[in-house]
**Q** 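Handing you this structure, nothing more for now.
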Amino acid sequence: MTDLAGYVDLHPDRQPARRLRDLAGTDGPGVVSGDGWAVAAVSRRSPLPGDDAPLPVRDGPTTRGLVLGRLFGVGGRLSQRRTAPVPLDWLDADGAIGRRTWGRYVAAAVRPDGTLLLARDPIGLLPCFHARHSGGLVFATRMELLTDLLGDLPGVDFDRLGSFLTQGPCPTTRTAFQGVSQLPPGTILTRRGAQQGLRPLWSAARVAVTADGGLPSDEELRYTLRACTQAWIADAPRATLDLSGGLDSSAVCWAARPDRDSPQGFTPRFVRFGTGPSVDEQPLAALVADRLGTGLDVIEADTLLPLTPPHGPLPRADAPQLQFTEARLNEFLAGQAGQETEALSGGGGDQVFLMKNAPGYLADHVRGRNLLPALAQAWRESRHGLESLPSMLTGARRELRRRQHHEPALTGADFDFPQPAWLHLDAKTPVDLPPDATTLPAARANQILGITYWGDAVDRQHRNPHRPSIYPLLSQPLVEIALRAPVRRLLDHTGDRLPLRRAMRGRLPAEAADAPIKGSYAGMYQRALRHNVAVARELITDGRCAAQGLIDPTRALDDLRATARGLVRGPNWPLYSLLAVELWCRAWQAPATPATGWSPLAVAEGEETR
């Protein structure tokens, strides 16, 4: 895996400059430097097929920066990967990189006047971290690389970690380390001397306001989905997909299925836990795989439950993620698939094409209609949904009143779970809401917020230490199709994600294209707590959060026991997030060597409650 790193306004004898020379060398195609600045592509292993190879950024005949990632064309060439240098003016705020390309990328370049330009892709599929140092700015696409350049590990921001327990990943420039910020998706950072600012490169709200009532044809949506999916995996000799049998992963499976003459190997996989999910999805996944002729690799995962210690080291991930608790499963999947295999996911489809739980969407149906058709629509909704007619009308009236008074559709509490009694937190992390999204209808704003959330929550080398997972449904061309579609065309009383469902009918079994419910992994997490209760207990009592006074460990252990016994109604995400935070802290506390393992937890492996 290749990473991008660099600095600006630093003396060449400073620690980050010296360390960057050690990692990337002083010459060659991976380093571009000038007076007090450098941009480098750093790879600690041989490049893999389909790797995020760097492209030079040119200003006339001079190279002044690099773009790391994968850039694809737009229009009729969605799947064509760009390999030519990128002009410097493409990185301007109104430049072409956000309009004429899509993909996963971070760009860094310096203008002739010394202005640094840092740009992150609109969906945020590749991160960019930056920190002030000795009067300059240091940046990198991986947190561990950034801390390596700085020389000293920054202090942990426990206020941010406390917010993570109830907010999870959310759109914010704050990170888990003090003094380290994250560039928001679709944004350009400019820095010249002491002057630094952010400007939008791409705006989801700006795309959404162009909705004109039209939808792409089923053929156009299928073409876009397939072209984007094939673009991501075109250079890989093998690809796999986590197939649940739901609409989103099944649509990606259809799109990823290779052409008859393609040499690429593709086999979806289903991770099966003997008991735990509320609905067993394996029969549906097998039905989809049989219909598409792809085969299905069923992985029996009862010995790979969350909190099961892995055999190797925990990765120093950019930030805590709930998936961090699944280290043993991720380790197994990565070893089984191999370094060259691209792993796909159907994640993000619920947010891109909107699920039924989008707030205020009924108001989009009733607005502009007279009373009788509006009541008929609400009645049909109540017949097909879980909400009563009076409740739905009250919600629609509230949303229409909010729009009339120009009140914001989003607030900083949109991500919050209730704060558990064991959490001591005075103030939560401010959420950086997408620009202009607060003034949109609530359902549209929720759609944009969900897309932004997924950009921050995508699997960055959790399931495979060699490369991040791929989320085809978060491809920018598909996101723009969904943003331009009016909300009332995305969901109504007949169902949700309507354009995707219509496009997939006849291509997928009806049970997948029209399935109204899905399974849940909450039961699997409860089984994990019962099986690995000694690990969970040690993480809570001996963890950093307890030592910092962020949690009351006694109350947290009470919550642990109740959840493990199934006495807590619904998934207890704050508790699971607490365990993920503690695992993340342990990974960063351990020496950064290949020999680092889970030695503090090894004694607890295999212990169960009696």
**Q** Ignoring hydrogens and geometry beyond distance, is a side-chain donor-acceptor pair present between Thr2 and Asp51 at under 3.5 Å?
**A**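 Per modelled atom types, Thr2 and Asp51 side chains form a pair under 3.5 Å.
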**Q** Where do Phe270 and Asp297 land on the side-chain contact (heavy atoms from CB on, under 4.5 Å) test, with the steps shown first?
**A** CA-CA 6 Å; Phe270 181 86; Asp297 186 6; over 6 Å; no
**Q** Would you tell me whether Gln526 and Tyr576 have side-chain atoms, one donor and one acceptor, within less than 3.5 Å of each other?
**A**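 Looking only at side-chain atoms, Tyr576 and Gln526 do not form any donor-acceptor pair under 3.5 Å.
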**Q** If we only count heavy atoms from C-beta on, is the Asp459 to Tyr471 side-chain gap below 4.5 Å?
**A**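 Result yes, sub-4.5 Å side-chain heavy-atom pair found.
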**Q** Whether the Ser475 and Trp232 side chains hold a donor-acceptor pair (N or O, under 3.5 Å, no angle test) is what I'd like checked.
**A**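 Yes, a side-chain donor-acceptor pair sits under 3.5 Å.
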**Q** Drop me the distance from Leu215's CG to Leu498's CG, to the nearest 0.5 angstrom.
**A**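 Taking CG in Leu215 and CG in Leu498, the distance rounds to 9.0 Å.
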**Q** Within the structure provided, determine whether Leu474 and Arg104 are in side-chain contact (heavy-atom separation under 4.5 Å).
**A**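 No, every pair of side-chain atoms sits at 4.5 Å or beyond.
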**Q** With side-chain contact (heavy atoms from CB on, under 4.5 Å) as the criterion, how do Asp121 and Val106 come out once you've worked through the C-alpha distance, each side chain's angles and the decisive distance to 0.1 Å?
**A** CA-CA 6 Å; Asp121 75 76; Val106 167; 5.8 Å; no
**Q** Could you give the distance from OG (Ser217) to OH (Tyr223), rounded to the nearest 0.5 Å?
**A**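 Nearest 0.5 Å value for the OG-OH distance: 12.0 Å.
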**Q** Kindly compute the distance separating CZ (Phe129) from CD (Gln182), expressed to the nearest 0.5 Å.
**A**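 So the gap between those two atoms works out to 5.0 Å.
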**Q** Flag the pair Phe164 / Pro169 as yes when at least one side-chain heavy-atom distance between them is below 4.5 Å, and no otherwise.
**A**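 Yes, side chains in contact.
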**Q** Would you please say whether a donor-acceptor pair under 3.5 Å links the side chains of Thr308 and Arg328?
**A**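 On atom types as modelled, these side chains do not qualify, holding no pair under 3.5 Å.
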**Q** Please report the closest heavy-atom contact between Asn532 and Pro306, naming both atoms and the distance.
**A**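 Closest approach of Asn532 to Pro306, heavy atoms only: ND2-O, 3.1 Å.
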**Q** Cut-off 3.5 Å, side chains only: do Asp242 and Ser345 have a donor facing an acceptor?
**A**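 No pair is found: no donor N or O on one side chain lies under 3.5 Å from an acceptor on the other.
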**Q** Report yes if the side chains of Arg527 and Asp302 come closer than 4.5 Å at any heavy-atom pair, otherwise no.
**A**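 Yes, at least one pair of side-chain atoms sits under 4.5 Å.
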**Q** Within a radius of less than 6.0 Å around CZ of Arg100, do more than 12 heavy atoms belonging to other residues, nucleotides or ligands occur?
**A**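 Not buried by this count: 12 neighbours or fewer within 6.0 Å.
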**Q** Quiz question: by atom type and distance under 3.5 Å, do the side chains of Gln351 and Asn446 form a donor-acceptor pair?
**A**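 No, Asn446 and Gln351 have no side-chain donor paired with an acceptor closer than 3.5 Å.
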**Q** List the steps and the verdict of side-chain contact (heavy atoms from CB on, under 4.5 Å) for Trp254 and Leu508.
**A** CA-CA 8 Å; Trp254 170 85; Leu508 297 175; 4.2 Å; yes
**Q** Using the side-chain contact (heavy atoms from CB on, under 4.5 Å) rule, take Gln321 and Trp584 through it: C-alpha gap first, then chi angles, then the decisive distance, then the call.
**A** CA-CA 8 Å; Gln321 297 278 1; Trp584 180 85; over 6 Å; no
**Q** Classify the angle between the aromatic ring planes of Phe72 and Trp102 as parallel (below 30°), tilted (30 to 60°) or perpendicular (above 60°).
**A**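 Ring orientation of Phe72 relative to Trp102: tilted.
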**Q** Is Leu287 close to Glu511 at the side-chain level, that is, under 4.5 Å between some pair of heavy atoms?
**A**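 The answer is yes; the side chains approach within 4.5 Å.
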**Q** For residues Thr240 and Thr341, is any side-chain donor paired with an opposing acceptor at under 3.5 Å?
**A**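 The criterion, which ignores hydrogens and geometry beyond distance, is not satisfied for Thr341 and Thr240.
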**Q** Please report the closest heavy-atom contact between Phe273 and Ala301, naming both atoms and the distance.
**A**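 Of all heavy-atom pairs spanning Phe273 and Ala301, the closest is CE2-O, 3.3 Å.
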**Q** Please examine the side chains of Leu247 and Arg501, heavy atoms only from C-beta on, and report whether any two atoms are closer than 4.5 Å.
**A**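 Yes, their side chains come closer than 4.5 Å.
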**Q** Report yes if the side chains of Ser250 and Leu243 come closer than 4.5 Å at any heavy-atom pair, otherwise no.
**A**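 When only atoms from C-beta onward are counted, Leu243 and Ser250 do touch, with a gap below 4.5 Å.
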**Q** Counting C-beta onward and ignoring hydrogens, is there a side-chain heavy-atom pair between Arg226 and Arg222 closer than 4.5 Å?
**A**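 With C-beta onward as the side chain, the pair stays apart.
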